[in-house]
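Given the structure is predicted, the values throughout are model-derived calculations rather than measurements.
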Amino acid sequence: MDKEKIEQAVRLFLEGIGEDVDREGLLDTPTRISEMCKEIFGGVGNNAKDVLERTFSAENNEMVVVRDISFYSVCEHHLLPFYGTVNIGYIPDGKVVGLSKLPRAVEVFARRPQIQEQMTAQIADEIMKYLEPKGVIVMIEAEHMCMTMRGIKKPGAKTMTYAVRGEMQSAEMQDRFFRIMSR
């Protein structure tokens, strides 16, 4: 990331909204924002392959579910946060990934300017690509600050998105996944 460009952009933004960039409370804001960007946009340029490619042999090919993976992201349309939970279910085909790797894969996609619909599909596609399971389902539920703070102004409204691949497309497997989710 280009720290200097970020700091310059923040100064211009603050001037653009009519602020005095030299007042005490804003003096270090450009630096704080550039540091924050390293953290919240740390997924830019990263690939889920780095966290999903290390797998382990598994004889049990029953559904694996990791639920309630919290995430924070930034809407690419308004640069406002959206946050919520990701639930992932997959049916192994002879190999599994370490359980912590699924939340790490979520972070790769959440930590970049993003839209929820795209993030859902990206997670499902990368799991299919690197784990080669029989099927995967990814469900995301999130609140978007662009709907809470501006525009329609509806705090608490949640958006749910799903991506289903392979054998998880069957009604039976989806039903099994949602029964697990309701526990």
- Query: Which pair of heavy atoms, one from A124 and one from R165, lies closest together, and at what distance?
  - Reply: CB-CG, 4.1 Å

- L14 side, atom CG; T29 side, atom OG1 - distance, nearest 0.5 Å: 6.5 Å

- Message: Just by distance, no angles: are the side chains of Q118 and Q114 close enough, under 3.5 Å, to form a donor-acceptor pair?
- Response: yes

- Do T120 and Q116 have side chains that get closer than 4.5 Å, going by heavy atoms? yes

- All pairs passing salt bridge (charged side-chain N to carboxylate O under 4.0 Å, His left out) where residues 66-78 contributes a residue, at least two apart: none

- Test: D175 and R179 ion pair at under 4.0 Å: yes

- Query: What's the verdict on side chain to side chain contact (heavy atoms under 4.5 Å, CB included) for H144 and L80, showing C-alpha distance, side-chain angles and the deciding distance?
  - Reply: CA-CA 8 Å; H144 293 250; L80 288 172; over 6 Å; no

- Message: Do V86 and M119 make a side-chain contact, defined as non-hydrogen atoms from C-beta onward lying under 4.5 Å apart?
- Response: yes

- Do E141 and T159 have side-chain atoms, one donor and one acceptor, less than 3.5 Å apart? no

- Identify, with sequence neighbours excluded, every residue that meets salt bridge (charged side-chain N to carboxylate O under 4.0 Å, His left out) alongside E167. none

- Message: According to a hydrophobic-cluster definition based on side-chain heavy atoms being under 4.5 Å apart (Ile, Leu, Val, Met, Phe, Trp, Tyr only), do V74 and M149 belong together?
- Response: no

Output a table of donor-acceptor pairs, distance under 3.5 Å, between side-chain atoms of residues 40-59 and any protein atom two or more places apart or on a different chain; print 'none' if there are none.
{"from": "N46", "atom 1": "ND2", "to": "G42", "atom 2": "O", "distance (Å)": "2.8"}
{"from": "N47", "atom 1": "OD1", "to": "K49", "atom 2": "N", "distance (Å)": "2.7"}

- Considering all heavy atoms, the nearest Y90-K95 contact: CE1-O, 4.4 Å

- Given the rule that I, L, V, M, F, W and Y join up when any side-chain heavy atoms are under 4.5 Å apart, are L102 and I91 in one cluster? no

- With R176 via salt bridge (charged side-chain N to carboxylate O under 4.0 Å, His left out) - residues at least two apart: E62, E172

- Item | Neighbour count >12 (heavy atoms, 6.0 Å) for atom CG, L27 | yes

- Task: Decide salt bridge (charged side-chain N to carboxylate O under 4.0 Å, His left out) for R23 and E19; before the verdict, give the C-alpha distance in whole Å, the side-chain angles of both, and the deciding distance to 0.1 Å.
- Result: CA-CA 8 Å; R23 74 175 172 85; E19 270 292 354; 2.9 Å; yes

- Message: One thing to verify: whether E35 and R32 come together as a salt bridge, which I'm taking to mean a side-chain N less than 4.0 angstrom from a carboxylate O.
- Response: no

- Message: For residues Y72 and M36: do they belong to one hydrophobic cluster (side chain heavy atoms under 4.5 Å, members Ile, Leu, Val, Met, Phe, Trp, Tyr)?
- Response: no

- Note on the structure: Taken in chain and number order and not counting sequence neighbours, the residues that satisfy ring pair (Phe, Tyr, Trp, His ring centres under 6.0 Å) with F71 are F82

- Message: My understanding is that only one of I137, I69, V65, I140 makes a side chain to side chain contact (heavy atoms under 4.5 Å, CB included) with I88; could you say which?
- Response: I69

- Shortest non-hydrogen contact from M168 toward G135: CG-C, 3.5 Å

- Query: Do I123 and V96 belong together in a cluster built from hydrophobic side chains that touch within less than 4.5 Å?
  - Reply: yes

- Message: Would you say E7 and S34 are linked by a side-chain donor-acceptor pair, where the criterion is simply a distance under 3.5 Å?
- Response: yes

- Query: Does P133 reach the side chain of M128, with side-chain heavy atoms less than 4.5 Å apart?
  - Reply: yes

- What one should report as the nearest heavy-atom pair of A110 and S73 is O-OG, 2.6 Å

- Query: Are F178 and M139 close enough, and set up right, to give a side chain to side chain contact (heavy atoms under 4.5 Å, CB included), and what steps lead you there?
  - Reply: CA-CA 10 Å; F178 287 114; M139 178 178 84; 3.6 Å; yes

- Item | Heavy-atom closest pair, residues V66 and L99 | CG2-CD2, 4.0 Å

- Consider only side-chain heavy atoms of I, L, V, M, F, W and Y, link residues closer than 4.5 Å, and tell whether Y162 and V138 are in one cluster. no

- Message: Please give me the minimum heavy-atom distance between V10 and P30, naming the atom from each residue.
- Response: CG1-CA, 3.8 Å

- Task: Report the residues that fulfil ring pair (Phe, Tyr, Trp, His ring centres under 6.0 Å) with Y83, sequence neighbours left out, ordered by chain and then residue number.
- Result: none

